[in-house]
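Below, chain A is the first sequence line, B the second, and so on; all start at residue 1.
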There are 2 protein chains.
Amino acid sequence: MVTIKEVAKRANTSIATVSRVINNSSYVKEETRQRVLQAIKELNYQPLTRQLAGRENQFIGLVVPDVSNPFFGKMARGLADAAGKFGYSITLCNIDGICRGEDDYLLDLIENRVDGVIYASSHRIREVIKRAKQKKIPLVMLDREIKYTDINTVTIDNNYGAFLATEHLISLGHKKIAFIGGPKNFQISEQRRIGYEKALEKYGLSYDEELVYTGIFTMESGFKAVKQLLEDKKSFSALIAANDLMAIGAINCLNQHGISVPDDVSVVGFDDISIASTMEPKLTTIAYPIERISERSLELLMKQISNEDVCPEKITLFPKLIVRGSTKSLKE
Amino acid sequence: MVTIKEVAKRANTSIATVSRVINNSSYVKEETRQRVLQAIKELNYQPLTRQLAGRENQFIGLVVPDVSNPFFGKMARGLADAAGKFGYSITLCNIDGICRGEDDYLLDLIENRVDGVIYASSHRIREVIKRAKQKKIPLVMLDREIKYTDINTVTIDNNYGAFLATEHLISLGHKKIAFIGGPKNFQISEQRRIGYEKALEKYGLSYDEELVYTGIFTMESGFKAVKQLLEDKKSFSALIAANDLMAIGAINCLNQHGISVPDDVSVVGFDDISIASTMEPKLTTIAYPIERISERSLELLMKQISNEDVCPEKITLFPKLIVRGSTKSLKE
DNA sequence: CTGAAAGCGCTAACAT
DNA sequence: ATGTTAGCGCTTTCAG
């Protein structure tokens, strides 16, 4: 392990000066500076124990319900890449309330071992916020909006995303568009449903409750939704799912009934998880802009880490429509 | 932040004794011990700067190609849970060779900031092993076997897994069983193909090269495989995919051709990723035993971390067949 | 502009 | 059985 001492020796200066160079904390003669930089490079030096001297330890905690869910997998990947650019590493923590009793332990752990946390789970959310405030732990909420709290938040405009999806289908001539959504008590489900409703309204189509199905965010649920719709003899030429997993389940069900996507029914998903682009037909979807989300989250977190008093803010990013093979003009 | 000092004060003893209790490093009178434990609990104390005093920092690095792939997502989840039980946290690192030039940086980072690493990517693998040996960084290879090197490894018996899958189908009466595999130059693809071949042999069925397709491990590839098979007019009543993603793609294609799973064709996957159990039909598959794999990997790593000279070993776990809805007896 | 030195939380060697 | 203390790598006064 290379230490600051060795760097100092090689650069023929003191450890204090090396520290100054690393942290850019005060003026160092350009010449000395260069020598230090050179030594750092040659020795491949990295400061590793800053934490002790009261500084950050360059770790940030990411809390998701479950990385094995492709959506959170995508999120973890994006955040890990972004963190790397800031010289930070991601510590992964899955909290979905399944491992009963371990939450406390996990929460303590994450709070104590990282410089900041990105929280993307709903589990014990209000408590997490309270604790973070008390302990002054930098926190950014990802993809969850907590009303009436001034907490740093990064989200996407779900309403707009669903609006885009609907608009796309309408522009293709579809008039009977089903919506299969998530649980009513999830903000994002409702937002996406409302976006759909607003788009219909804007284009003078009526909102038909019979074409709206409420499920949960799984493939299975998407499958059941379509099954139900079909059994109930609802007629529709297009369908919007509240996330890609549901969309995939829906397509499966359609296929099994001999209904072709996109020839007979067009389908739009939401999130653009990795498999959306490797299925057949490739899924038209609303892309959750993970790169930008990650960047902005990290920025907010970094601000908090370096600066004691920053004003919390909420950043809302706009998702984008990605047209692929699962949607098509309504046939005459 | 609670320090050892505060604990000592509250327990009315010295910091050395507290340290002893924490590390179980020497005898402490039971009474004192209890007082210390009590204080630790009351203050919610956690030692956080051990690293500095030459000890571990309780982080282990997990390197995968890409967590957004559901298989690696499952792996990350399993490992994170297991690490938690040892009081360790997982630091996530995606190295798939896509971010060119950043590998070096990532490798340095991971090597310097963790007590050990679990490596489950193929990227720069021999180099990683060399560096780990040089720097004496505890390393466990996951799911990749490197021949002619004595490196701690945990894998599953892929041959056996595919054998099980084939045997299952044969026991259901299937005789024409297709196999859609991964790249020829991947060990696991070959192992799985061979397991399939051996099972056919054992039960006196002939291995028909025409029923073996070589693809890559994606849904798209599974789809194409079946498309090809169908176009070539191959006849088969069952199909084994080298992983779940391919199996799902295959099922999609079958469905689109009006072929029902499992009524017309039975399908077995491999891995048991999370979506395998929420699709319709639920996928019969060979489960990658992530809990046991995680446990064993951690154990091997812990041994290396605590003990300087341990003999490297290779642990091979046996996967299990999980029968669900995508397989069925051959119809008469 | 730079160096010396204190101190961060903790462990381990040394005392007692 | 327990306390005292040096020292780990680093940052940050404090002196020059």
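A nucleotide of DNA chain D counts as in contact with chain B when one of its atoms lies under 4.0 Å from a heavy atom; the first and last such, 5' to 3', are D:dA1 to D:dG9.
A salt bridge does not link B:D115 to B:R50: none of the charged nitrogens lies less than 4.0 Å from a carboxylate oxygen. The residues A:E313 and A:K303 are annotated as salt-bridged, a charged nitrogen and a carboxylate oxygen being separated by less than 4.0 angstrom. A salt bridge does not link A:K74 with B:D66: none of the charged nitrogens is closer than 4.0 Å to a carboxylate oxygen. Ionic pairing of B:E295 and B:R292 is not present here: no N-O contact between side-chain nitrogen and carboxylate oxygen is shorter than 4.0 angstrom. A salt bridge does not link B:R10 to B:E6: none of the charged nitrogens lies less than 4.0 Å from a carboxylate oxygen.
For DNA chain D, no neighbouring residue in residues 24-43 of chain A is found when judged by any heavy atom under 4.0 Å. Interface residues of residues 8-18 of chain B facing DNA chain D, ordered by number: B:T13, B:S14, B:A16, B:T17; criterion, heavy-atom separation under 4.0 Å.
For the ring pair (Phe, Tyr, Trp, His ring centres under 6.0 Å) condition, the pairs that include at least one residue of residues 35-71 of chain A, sequence neighbours left out, are A:F59-B:F59, A:F71-A:Y288.
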Review item, nucleotides 14-16 of chain C N/O atoms under 3.5 Å of protein N/O:
none

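Atom P of nucleotide C:dC10 and atom CG of B:N23 are separated by 11 Å, given to the nearest angstrom.
Rounded to 10 degrees, the angle separating the terminal helix axes of the helix from C:dC1-D:dG16 to C:dT16-D:dA1, each built from five base pairs, is 40°.
Nearest heavy atoms, B:R113 versus A:S89: NH1-OG, 3.0 Å.
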